[in-house]
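Here the structure is laid out as structure tokens; the discussion comes afterwards.
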Amino acid sequence: MSDNFIGKPIPKNVETRDGVVAWRSPSNIALIKYWGKHGRQLPRNPSLSFSLSNAHTDTQVSYTIREESQETASVSFSFEGKKNAAFEARIQKFLDSIVTNFPYLKNVDLDIKSQNSFPHSSGIASSASSMSALALCLTDIEYELSGKATDASFFLKASYISRLGSGSASRSVYKDFCVWGETSLDEKYVDEYAVPLDKVHPVFEALHDDILIVSSVEKSVSSTAGHKLMEDNPYADIRYAEARRKLVALAGIIEQGQVSAFGKIVEEEALSLHALMMCSDPSYVLIEPASLEIINEIRKFRKETGTPIFFTLDAGPNVHVIYPDSVQKKAREFVESKLLIHCEDGRHIFDRMGDGPQKISYKNKI
Ligand code: DP6
């Protein structure tokens with residue numbers, strides 16, 4: 001497919017100037033997981049997620065225009081107030097890879113500052129919030145330099161660029177639920193960028209995600225290596241077909257407000273992801289005994305009380321406890337009394353569905 005988001009050079013007739021932009025972008029939790037990719041960061045199956053509120057990254061990009069063109073932008077990067085050479089190298093590589101999408105990068109020096117709302121060693125993946133915050137800033141600079149007003153395609157391009165940085169980041173540029181990847185649900189869902197899911201029953205409008213930190217130790221397999229393992233996984237084709245089927249089913253369930261059916265698919269999906277990792281070669285067991293204790297407690301509590309409370313997992317041991325706002329009091333009491341004891345030093349983040357990314361105004365810049 002052709003690239004819809006090739007950018008234009010800085011127009012000669014527009015008066016360009018140095019500037020600074022900043023965005024806050026959230027993390028998101030996938031309910032149907034992206035696991036397996038090909039080509040230039042294209043997903044093997046569609047995924048469906050919702051954006052969070054409290055787990056987010058703030059990124060500020062200051063740009064200085066250079067008269068003479070170079071191959072790519074030059075970048076200096078600091079994370080949480082400190083220069084970070086490893087992240088800087090990763091960002092430089094990313095910028096080099098998107099020069100055709102943002103030709104202005106040949107004419108700028110960038111100074112990037114970034115900080116997370118959650119501790120770096122919390123076991124919370126930060127690539128979705130950090131790459132989407134950066135992509136929003138880069139898209140914003142393109143709009144500023146070309147004198148374009150923000151339009152509907154702003155977020156599509158930001159999602160497209162986020163995807164090139166980290167697949168799951170493509171889903172962080174919207175509030176509420178969104179879908180990334182082709183699905184028989186509707187032609188508007190494509191592999192190149194994420195699109196909001198528009199038909200949502202009120203019961204799912206303010207979902208909670210209590211993130212229980214079972215271990216803050218860095219993951220033993222990176223997402224990129226994990227995606228690669230799918231290439232030789234004997235169950236890969238069945239998995240992709242199942243993910244497509246589950247996504248269509250889940251979208252219908254979200255539209256109709258069927259809470260128990262929602263939980264059934266969400267939990268099955270989380271366990272499938274870990275089953276795939278367990279039967280990859282090499283095999284990875286990323287779940288910990290405490291993760292299983294939490295899962296068992298959730299199932300027991302749900303059975304005994306009828307409370308709609310469910311779990312999902314990312315590619316690690318931490319458990320995301322998902323429930324509708326209508327049962328918040330009961331669910332939170334249960335989490336506090338029965339689940340936090342299984343967390344590493346009681347660590348957790350009480351999060352919920354969020355309002356999506358926000359531009360940080362000039363006076364609040366970091
Ligand atoms: C298990 O987006 O981190 O969280 O594209 O290589 O950066 P890269 O991978 P990444 O993969 C996320 C995998 C997941 C599921 C999901 O968020 O959909």
Side-chain angles (χ1 to χ4, degrees), residues 25-52 55 57 87 90-91 93-94 97-98 116 122-135 159-174 177-183 189 191-195 197 209 211 218-231 233 236 239-240 242-244 246-247 250 265-278 280 284-287 291 311-320 322 351:
S25 191
S27 185
N28 68 75
I29 178 69
L31 302 178
I32 302 294
K33 316 284 179 181
Y34 148 56
W35 200 239
K37 62 177 169 182
H38 65 104
R40 197 181 175 204
Q41 289 275 100
L42 296 167
R44 288 280 181 202
N45 64 266
S47 54
L48 186 157
S49 63
F50 65 87
S51 287
L52 298 176
T57 299
F87 286 173
R90 187 177 167 194
I91 289 175
K93 206 169 153 211
F94 171 57
S97 75
I98 55 169
N116 290 342
S122 61
I124 305 287
S126 61
S127 67
S129 55
S130 60
M131 293 315 296
S132 57
L134 178 59
S159 173
Y160 178 100
I161 298 295
S162 303
R163 178 199 108 225
L164 297 176
S166 177
S168 55
S170 66
R171 302 185 309 242
S172 275
V173 306
Y174 305 108
F177 291 103
C178 72
V179 171
W180 167 41
E182 274 177 44
T183 148
Y189 299 114
D191 285 349
E192 282 76 15
Y193 48 83
V195 178
L197 181 77
D209 177 4
I211 308 170
E218 195 151 334
K219 293 190 287 186
S220 54
V221 56
S222 69
S223 298
T224 300
H227 290 291
K228 207 158 173 7
L229 286 175
M230 283 303 286
E231 284 168 26
N233 189 299
R239 153 67 193 162
Y240 301 140
E242 266 300 277
R244 284 185 204 111
K246 283 194 249 177
L247 188 139
L250 188 63
I265 291 197
V266 167
E267 294 190 351
E268 263 175 34
E269 176 65 8
L271 296 175
S272 307
L273 173 73
H274 281 263
L276 287 163
M277 284 185 278
M278 287 181 201
S280 289
Y284 286 94
V285 180
L286 300 185
I287 213 155
S291 323
F311 67 85
T312 185
L313 306 152
D314 266 339
N318 300 328
V319 184
H320 292 247
I322 311 287
D351 215 332

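Order of listing sets the numbers, starting from 1, for every ligand and every atom in it.
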Exercise for review: Please work out which of the three classes, parallel, tilted or perpendicular, describes the rings of His227 and Trp35, given edges at 30° and 60°.
Suggested key: tilted
Check your understanding: With side chains defined as the heavy atoms from C-beta onward, is the minimum distance between Arg239 and Leu276 less than 4.5 Å?
Key -> yes
Review point. Does Ser132 have any side chain to side chain donor-acceptor pair (under 3.5 Å) partners at least two apart in sequence or in another chain, and if so, which?
Key: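 Applying side chain to side chain donor-acceptor pair (under 3.5 Å) to Ser132 gives Ser25.
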Exercise for review: Verify the distance criterion only: is there a donor paired with an acceptor across the side chains of Ser130 and Thr57 at less than 3.5 Å?
Suggested key: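 Side chains of Ser130 and Thr57: no pair found under 3.5 Å.
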Practice item. Might you list the protein residues in contact with ligand 1, defined as having a heavy atom under 4.0 Å from one of its atoms, sorted by chain and number? Key: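 Residues Ala30, Lys33, Tyr34, Trp35, Lys37, Gln41, Ser127, Ser166, Gly167, Ser168, Arg171, Ser223, Thr224, His227, Leu273, Asp314, Ala315 each place a heavy atom under 4.0 Å from ligand 1, listed by chain and number.
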Review point. Which residues satisfy the salt bridge (charged side-chain N to carboxylate O under 4.0 Å, His left out) test with Lys37, sequence neighbours excluded?
Key: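 Counting only residues at least two positions away or on another chain, Lys37 forms no salt bridge (charged side-chain N to carboxylate O under 4.0 Å, His left out).
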Practice item. Tell me, please, which residues at least two apart from Glu267 pass salt bridge (charged side-chain N to carboxylate O under 4.0 Å, His left out). Key: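 Checked Glu267 against salt bridge (charged side-chain N to carboxylate O under 4.0 Å, His left out); matches are Arg299, Arg302.
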